[in-house]
Number of protein chains: 2
Amino acid sequence: MTDSVRIRDEIADSESLAPAVTRAGAILDALAESSGEAAGPSELARRLGLPKSSIANICNALAEIGLVRRIGTGFALGRKLAELGGAYLASVDQVQEFYEECRILRAGSEETVQLAILDGLEMTYLARHDGRQPVRLTSQIGRRLPATHTATGKAALASLDPADLDRRLDGMDALPTMTEKSIATVEGLRADLDVVRERGYAIDDEETVEGVVCFGVMIPGRRPGEGPYAASITLLKARATDERVPLLIADLHRLAERLTDPLRADQRPGRDGSVIRR
Amino acid sequence: MTDSVRIRDEIADSESLAPAVTRAGAILDALAESSGEAAGPSELARRLGLPKSSIANICNALAEIGLVRRIGTGFALGRKLAELGGAYLASVDQVQEFYEECRILRAGSEETVQLAILDGLEMTYLARHDGRQPVRLTSQIGRRLPATHTATGKAALASLDPADLDRRLDGMDALPTMTEKSIATVEGLRADLDVVRERGYAIDDEETVEGVVCFGVMIPGRRPGEGPYAASITLLKARATDERVPLLIADLHRLAERLTDPLRADQRPGRDGSVIRR
DNA sequence: GCCGATCGTTCAGCATACTGAACATATGGC
DNA sequence: GCCATATGTTCAGTATGCTGAACGATCGGC
């Protein structure tokens, strides 16, 4: 493991036994970055460092199954992605329960509540409850944000066992910042995670967007190896008053309790991991 | 054609120049159907009629790029689908504008409003505005419903030129019904589409769900070859009073007007199709 | 506790998907 | 209006991804 040999540099074409699929993934990523704009085979080949004709073959296959659509002579993301994305979200039990539970939160139902899952050092946002606040502070579903600066991310990271956390932070020195208040160093992050563990919830005080504060709690995964989830409440800093915040924190803890696997919560920990679902 | 030689029967592996990608699409579809439940290589191979080892190779490649996730020894849809699905929705201008416009509708903002796009004879639902009605009547984003029974679908179909409509209905004899009131024949559908064109909007009167009525209007696509969109308002039949419905219809027409491409709406039709976007 | 069935994984040989160059087409500049 | 550039598409040869059978692991049943 000390042997840090550089195998390849471009996309992870490396050792896949189905390189066309790996490359298709790279193409989808590239199209997602240039959001909305169509890209032709030549441009994609240039960006990904792959042969032009291979790209064309894969894009045509992707177009046939609907994952991309043709815009004139180029390609853009296709509508089947919405279908499959919806199917994925529907398959995550927490998402369904999240929507139900959010509506019956005392104070939290008025605010913007979000559900996300940890993936590496990023959070993928899976669900959003829109409160009655007119301002749309939140990011769209499917968006990814750094776990190191978000309330959801810090709540999730704080729940990892130390070895796992070290593995994810391995090789990181400085953290890319989003605002002036963003934690910029790994040491600062570790110190904040200690506070999160003791406090029981995470705070993002204008670390992602200026003027906006978030509170986050961890929600454990239900299957082995499934990264922890987290829920957060987002509000304008002016609304985060001393009397309102405690109510929101209580709602978050209630939400986390309800979204924790009932089977796992009901039975005392210590039994074997055999859990029958559905 | 009397020669009934069976070339291939299972999935359309036929003539793709990137068969691994085509098969990956079939795998994703299969996983979407068995929603939530994980499926192993053997089961997928059986369902799709493809070699087991090929499936395993493709699944591992899909897992590496995050389109599927491993559940124990099996596979299920992965979280990158949520990311790409969100990116697709973000790339559709109508979706963004839909959310903004829905909130300022006079009567419609109270109800459930949906945006969908026509694809063959099905509608893919792209966006949903949740009104203040407590009942969640609507389908999730990304879900597909028959265009022949939904208000969105009939509004979209009615806007097609006759040749296009004939092509889509070619080979259909009886329509699969969803409720007792569903239109069951192609002739019945054609007659209803005539009414839709004259009336200016489509009605789904308990054709998809009993006790629920929908009104739909067509929204033209903005790029050549892009299937028509449609918007609908859904409500319990008891709420569809004689004084409320006209207000909702007016809101739908207003919405359609605002979601029609501004560039195309501003200039008189008749100019060439060269439209500069962004 | 043994056995039969089924599963996921491995591996070598062959068919075939990938590649690079050439073609045809569309575009912008002087 | 012409040329220079860049783009999407085609095609034959070859490297390589796909396949079927064998392996080892796991589960359920008489």
* Canonical and wobble pairing (Watson-Crick, G-U, under 3.5 Å) of DNA chain C, dot-bracket with | -> .|||||.||||||||||||||||||||||.

Nearest-Å distance for atom pair [atom1]/[atom2], residues [X] and [N]:
| X | N | atom1 | atom2 | value |
| --- | --- | --- | --- | --- |
| Leu44(A) | dG8(D) | CG | C1' | 12 Å |
| Glu43(A) | dA6(D) | CD | P | 14 Å |
| Leu17(B) | dT10(D) | CG | P | 9 Å |
| Asn57(A) | dC11(D) | CG | C1' | 11 Å |
| Ile58(B) | dG17(D) | CD1 | C1' | 10 Å |
| Leu50(B) | dG17(D) | CG | C1' | 15 Å |

Of all the nucleotides listed ([options]), which has the minimum atom distance to the side chain of [X]?
| X | options | answer |
| --- | --- | --- |
| Ala18(B) | dT9(D), dC18(C), dG8(C) | dC18(C) |
| Arg46(B) | dC18(C), dT9(C), dC7(C) | dC7(C) |
| Pro51(A) | dT9(C), dC7(C), dG20(C) | dG20(C) |
| Pro19(A) | dT9(D), dG8(C), dG17(D) | dG17(D) |

* Mind checking what makes side chain to side chain donor-acceptor pair (under 3.5 Å) contact with Thr124(B), not counting sequence neighbours? ->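 Partners of Thr124(B) under the side chain to side chain donor-acceptor pair (under 3.5 Å) test: Arg144(B).
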
Do [X] side-chain atoms and [Y] backbone N/O form a donor-acceptor pair below 3.5 Å?
| X | Y | value |
| --- | --- | --- |
| Glu226(B) | Arg222(B) | yes |
| Asn60(A) | Ala56(A) | yes |
| Gln96(B) | Leu89(B) | yes |
| Gln94(B) | Leu115(B) | no |
| Asp161(A) | Asp164(A) | yes |
| Arg69(A) | Arg79(A) | no |
| Arg168(A) | Leu121(A) | no |

* Asked: Is there a donor in the side chain of Tyr229(A) and an acceptor in the side chain of Thr152(A), or the other way round, less than 3.5 Å apart?
  ->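 There is no such pair (donor and acceptor under 3.5 Å, judged by atom type) between the side chains of Tyr229(A) and Thr152(A).
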
* Asked: Given that Ile55(B) and Phe75(A) both sit by DNA chain D, which one's nearest nucleotide is further toward the 5' end?
  ->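 It is Phe75(A), whose closest nucleotide lies nearer the 5' terminus.
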
Show the distances under 3.5 angstrom between N or O atoms of the protein and N or O atoms of nucleotides 21-28 of chain C.
none

